[in-house]
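Given the structure is predicted, the values throughout are model-derived calculations rather than measurements. Start at 1 with the first residue, then count along the sequence.
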Amino acid sequence: LVAFSYYAVYTVGELGASAGLVGWLTGVLIFSEVIANPLLGLLGDRTTHHLFLLLDTLAAFIISLLSGWLTSISLWFVIFALAGVAFVGGWVTTMIISLEFGTAADQATYLGMSNTLIAPATLAAPFLAGWCITAFGYQTMFRAAALVFLAAALLSLRLLRTQPAFHPAAAPVAESA
């Protein structure tokens with residue numbers, strides 16, 4: 001999701017967008033997040049969050065791929081809107097999937113472990129993206145991000161099995177000794 005962080009900088013520095021226009025783009029991003037958050041959560045609870053993780057990574061792949069080629073500011077409104085949806089899906093879905101492992105008593109451990117294990121990549125990604133931009137340009141970084149999202153989509157398709165919707169109220173509780 002690090003590529004999304006550079007969208008506003010790219011639109012100003014490379015496409016010549018004004019600060020006011022970037023404000024509108026950011027508003028579209030936030031609005032799409034506000035709308036997508038409850039909708040994706042509700043749909044994921046009723047179907048499966050594994051499906052949404054796959055769809056989110058595919059959407060992020062397409063957005064990153066398109067952002068490497070789009071030069072029309074008006075098309076960037078679509079990119080920012082879809083980025084908001086993908087951002088929400090990526091974070092919300094990964095947290096909820098972490099809760100599906102283990103018993104209710106173990107859920108906090110699994111959530112903590114998942115966040116701890118992704119921390120090094122979360123910390124390194126902006127530095128690698130910045131280096132890539134400096135060395136090769138924004139388009140190359142966006143295309144590299146697209147490849148990472150494609151790999152994530154393929155991995156989620158291959159490794160995550162589709163399960164029925166998870167309902168915390170029905171989760172088994174570990175018996176205390």
Side-chain angles (χ1 to χ4, degrees), residues 1-15 17 19 21-70 72-100 111-112 114-130 132-133 138-157 159-160 166:
L1 300 174
V2 72
F4 301 170
S5 303
Y6 290 96
Y7 286 172
V9 177
Y10 175 74
T11 57
V12 171
E14 301 294 317
L15 302 180
L21 185 57
V22 170
W24 280 102
L25 289 168
T26 303
V28 166
L29 176 86
I30 292 170
F31 181 75
S32 69
E33 289 176 349
V34 167
I35 298 300
N37 202 343
L39 290 177
L40 290 180
L42 182 64
L43 290 172
D45 287 344
R46 293 185 189 274
T47 59
T48 174
H49 287 280
H50 296 259
L51 172 65
F52 280 101
L53 182 61
L54 175 63
L55 294 175
D56 292 334
T57 54
L58 287 174
F61 163 71
I62 292 167
I63 294 164
S64 295
L65 195 62
L66 289 175
S67 64
W69 279 282
L70 293 179
S72 170
I73 291 290
S74 59
L75 294 175
W76 275 84
F77 280 95
V78 175
I79 294 292
F80 271 72
L82 294 175
V85 173
F87 185 76
V88 164
W91 284 109
V92 171
T93 300
T94 54
M95 285 192 297
I96 292 172
I97 287 175
S98 297
L99 294 175
E100 293 180 4
L111 189 58
S114 69
N115 287 326
T116 300
L117 292 173
I118 65 169
T122 303
L123 180 64
F127 293 107
L128 290 172
C132 186
I133 290 167
Y138 285 97
Q139 288 84 7
T140 301
M141 190 274 296
F142 293 149
R143 291 174 190 149
L147 291 175
V148 170
F149 285 124
L150 179 61
L154 293 173
L155 282 172
S156 66
L157 181 64
L159 299 177
L160 293 176
F166 174 73

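The shortest heavy-atom contact between Leu54 and Ser156 is CD1-OG, 3.6 Å. Between Asp56 and Val85 the shortest heavy-atom distance is OD1-O, 4.4 Å. Here the shortest heavy-atom pairing between Tyr10 and Ser67 reads CE2-O, 4.3 Å. Contact record, Ile63 with Ala83: CD1-N, 3.6 Å, taken as the closest heavy-atom pair.
The CD1 atom of Ile133 sits 10.0 Å away from atom OG1 of Thr140, with the distance rounded to the nearest 0.5 Å. Interatomic distance, Ile62 CD1 to Ile79 CD1, rounded to the nearest 0.5 Å: 10.0 Å. Rounded to the nearest 0.5 angstrom, Leu155 CG and Leu53 CG are separated by 10.5 Å. Note that the CG atom of Leu40 and the CG atom of Asp45 stand 10.5 Å from one another [nearest 0.5 Å]. Atoms CD1 and CD1, on Ile30 and Ile35 in that order, are 12.5 Å from each other to the nearest 0.5 Å.
Contact annotation: the side chain of Phe87 never approaches that of Leu29 to less than 4.5 Å [non-hydrogen atoms, C-beta and beyond]. Side-chain contact between Phe80 and Trp24 is absent, with no heavy-atom pair separated by less than 4.5 Å. Looking only at side-chain heavy atoms (C-beta outward), Tyr138 and Val9 come within less than 4.5 Å of each other.
At least one donor-acceptor pair under 3.5 Å links the side chain of Tyr6 to the backbone N or O of Pro126. No donor-acceptor pair closer than 3.5 Å links the side chain of Ser64 to the backbone N or O of Phe61. Side chain of Trp76 to main chain of Ala8: no donor-acceptor pair is present (N/O by atom type, distance under 3.5 Å, no hydrogens or angles).
The aromatic rings of Tyr7 and Phe142 sit perpendicular, their planes meeting at an angle over 60°, well past the 30° parallel limit.
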